Amino acid sequence: MQTKYSYKKAFKWLLVYLLLALVPMLIAIAGIMPESRGFIMELGVAFGFIGLGMLGAQFLFSGRFKSVAPDYGMDNILQLHREMGIIAFLFVFFHPTLILLADSSFWSYFDPRVNLPRSVALISVSIALVVLLASSLWRLTFGLSYERWRLLHGVLSVGVLFIGVVHSVQVSHYLAAVWQQVLLVVVFAGLGYLVVHTRLVRPWRSKAKPWKIVRVTPERDDCWTLHLEPCGHNGMTFECGQFVWITIGATPFSLQQHPFSIASASDDDGLLITAKATGDFTSSWENIGPGTRAYLEGPFGSFTPVEGKNLFLVMGGIGITPAMSMLRTMAQREDKRRAILIYANPDWEAVTFREELDELAGKIDLKLVHVLQETHADWKGETGLIDKELLKRHLPENPGDYCYYLCGPEPMMDVAELGLRGLGVDWRSVYSERFEVI
Ligand SMILES: Cc1cc2nc3c(=O)[nH]c(=O)nc-3n(C[C@H](O)[C@H](O)[C@H](O)COP(=O)(O)OP(=O)(O)OC[C@H]3O[C@@H](n4cnc5c(N)ncnc54)[C@H](O)[C@@H]3O)c2cc1C
């Protein structure tokens, strides 16, 4: 079947992941093997190498690399990043635990009287790992803003990786040969560079291609649309359903860099980005003056229509933005494919782009299904929340001719993913875009 995801691609990326995660271990066993020091001790060492490799792989599978995302989908990568981060933490945690179990004399590694720099490095890396994990799992509980968390996450990750590599080289039990040490440093310097690339090189490049916000228009449900035009360049080529990272203001080097789906049609000259005012960044949009600078990085994402396939769109609230791009593009290109839009909202007044969707239904083959939680007296449509039964009522007769796109609040996405699967829809034709990153 024609989809973007496949077992073959999944297998390819699994291999890439395994290779990266096993790099330190492979380098270690490629050299001259020292005498065994007992099973528990060697297991502890192996856990350290695997944990280090997995932490390194986190830099590639972070959702920021265009070459990785299309085969997986942005939200799958972020989920992988999150879950592998937890597993890497466990490997690293069991590394000293097992070694100390096997030989308690290794406590001296943490003793500042024996070796001050080494003990400081190992104690710091242990604390850094706990902070990394806890701040990622419970960011909101700690009241940490997304921007501060991202800065902390980046700095700690690079620090942990650096100390991990230095530690492996210094211990050098398995990495005694210079070529092994050099190889390990080169591979991890390459992975570390990915952060520099994301945080410095990419913003630097986007500096040469500034955008101008020509106006900001209000939409239903406290949403605001930015109308962006390129300044002195040809703009951006993107596929409908993709997203960009946007920085608003004089410089692209800002912690306030946020991802937003492009809502405009693919062939428009400018770009439209619509957001719901939920936090400090999006709430500031209504006061943005015309002419304000913006910097965009992208486009990213694989939440895009598959050629020749009809579209079954399940959207909730502001999750409608990538669907708007798809539907607007279909209208612009006089696309004859069928689109079914299941669009959930709290009430009729909150249905963002309601009027435009009616207009689009007059231009393209669009079946519009509004789902309202709170209804008014003469409401005849769907009510309540999206569930399997509702999806079943609107599932086309020929489900194999469609690709399925889900974007909205997390509970809606979970129900829709499981519901579609329960209705026999092939998982490879279901694409999700989750807005809640962490
Ligand atoms: C691929 C993608 C596409 C998106 N498209 C849209 C869209 O079209 N319209 C829309 O309204 N929202 C969209 N979002 C969500 C949007 O990025 C966040 O709502 C926005 O960043 C919130 O910022 P805030 O400071 O106003 O709110 P806050 O209250 O600070 O943040 C609310 C939540 O948004 C997320 N968030 C905050 N800052 C960032 C950041 N820098 N990077 C990533 N996530 C962040 C966090 O999960 C946070 O808990 C998208 C998110 C993703 C991942």
Side-chain angles (χ1 to χ4, degrees), residues 62-66 69-70 72-79 81-82 135-154 198-199 202-203 216 218-226 228 238-249 252-264 271-288 294-304 313 315-328 345 350 352-353 405-410 413 431-438:
S62 66
R64 281 295 194 119
F65 294 96
K66 284 185 187 176
Y72 260 134
M74 166 80 173
D75 66 343
N76 290 331
I77 291 183
L78 288 179
Q79 195 156 341
H81 182 84
R82 204 172 311 161
S135 61
S136 302
L137 293 180
W138 303 294
R139 175 177 72 83
L140 294 177
T141 314
F142 295 136
L144 206 57
S145 74
Y146 188 86
E147 290 72 34
R148 292 209 171 145
W149 169 80
R150 199 152 71 108
L151 181 66
L152 184 74
H153 198 74
T198 304
R199 301 281 178 247
R202 282 222 208 116
V216 182
E219 312 285 356
R220 288 183 178 278
D221 200 27
D222 204 13
C223 294
W224 300 86
T225 295
L226 302 182
L228 291 134
F238 68 96
E239 276 188 72
C240 50
Q242 288 194 295
F243 70 93
V244 288
W245 289 87
I246 185 167
T247 311
I248 296 175
F253 299 100
S254 164
L255 278 181
Q256 285 280 11
Q257 192 195 31
H258 296 250
F260 287 95
S261 296
I262 304 169
S264 42
L271 291 184
L272 298 179
I273 292 178
T274 301
K276 189 168 164 68
T278 51
D280 52 344
F281 183 66
T282 41
S283 299
S284 68
W285 285 19
E286 80 177 281
N287 300 316
I288 292 175
Y295 295 92
L296 305 183
E297 274 182 44
F300 292 97
S302 55
F303 193 68
T304 52
L313 308 158
M315 307 288 153
I318 192 60
I320 190 67
T321 50
M324 287 309 292
S325 176
M326 295 179 195
L327 299 173
R328 283 167 168 163
N345 277 289
T352 314
F353 299 121
Y405 299 88
L406 318 177
C407 187
E410 294 282 300
M413 307 269 291
Y431 303 100
S432 310
E433 188 81 288
R434 287 176 194 259
F435 283 1
E436 283 158 48
V437 186
I438 170 179

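Quick note: numbers below take in every heavy atom, side chains included, and nothing from hydrogens, waters or symmetry partners. First listed ligand is number 1; within each ligand, the first listed atom is number 1. Keep in mind that what you see is a predicted model, and the values were worked out from it rather than measured.
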If you round to the nearest 0.5 Å, how far is [atom2] of [Y] from [atom1] of [X]?
X      : Y      : atom1 : atom2 : value
Ile262 : Arg328 : CD1   : CZ    : 12.0 Å
Met324 : Met315 : CE    : CE    : 11.5 Å
Ile246 : Ile273 : CD1   : CD1   : 4.0 Å
Glu286 : Trp224 : CD    : CH2   : 4.0 Å
Tyr146 : His153 : OH    : NE2   : 8.5 Å

Hey, is ligand 1 close enough to [X] that some N/O pair sits below 3.5 Å?
X      : result
Arg150 : no
Gln257 : yes
His258 : yes
Glu433 : no
Thr282 : yes

message = Looking at Leu272, is its backbone amide N or carbonyl O close enough to the side chain of Ser264 to form a donor-acceptor pair, meaning the two atoms are under 3.5 Å apart?
response = yes
task = Say whether Glu219 and Thr225, considering side chains only, have a donor N or O and an acceptor N or O under 3.5 Å apart.
result =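 Yes, side-chain donor-acceptor contact under 3.5 Å.
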request  = Please tell me if the side chains of Phe238 and Ser325 come closer than 4.5 Å, counting only heavy atoms from C-beta onward.
outcome  =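 Yes; the side chains approach each other to less than 4.5 Å.
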Where's the contact between [X] and ligand 1, heavy-atom distance under 4.0 Å: side chain, backbone, both or neither?
X      : answer
Thr321 : side chain
Phe260 : both
Ile318 : side chain
Ile273 : neither

Please could you name the atoms of ligand 1 that [X] approaches to less than 4.0 Å, counting only its heavy atoms?
X      : value
Arg139 : 46 (C), 47 (O), 48 (C), 49 (O)
Arg434 : 53 (C)
Lys276 : 11 (O)
Gly279 : 24 (P), 26 (O), 27 (O), 28 (P), 29 (O)
Ala275 : 9 (N), 10 (C), 11 (O)
Asp280 : 24 (P), 25 (O), 26 (O), 30 (O)

note = In short, Thr304 meets Gln242 closest at the heavy-atom pair CG2-CG, 3.6 Å
request  = Identify the heavy atoms of Gly319 and Phe435 that sit nearest to each other, and give their distance.
outcome  =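 What the structure gives for the nearest pair is CA-CE2, 3.8 Å.
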ask   = Is there a heavy atom in Gln256 that sits closer than 4.0 Å to ligand 1?
value = no
message = Heavy-atom contact check, 4.0 Å cutoff: does Trp245 meet ligand 1?
response =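 The answer is yes, since Trp245 has a heavy atom less than 4.0 Å from ligand 1.
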inquiry  = Does the structure place the NZ or CZ of Arg148 under 6.0 Å from the centre of the six-membered ring of Phe142, at an angle of no more than 45° from the ring's axis?
reply    =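 The answer is no; the distance or angle limit is not met.
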task = Ignoring hydrogens, just give me the one of Phe435, Trp285, Trp149, Phe281 whose non-hydrogen atom is nearest atom 2 (C) of ligand 1.
result = Phe435
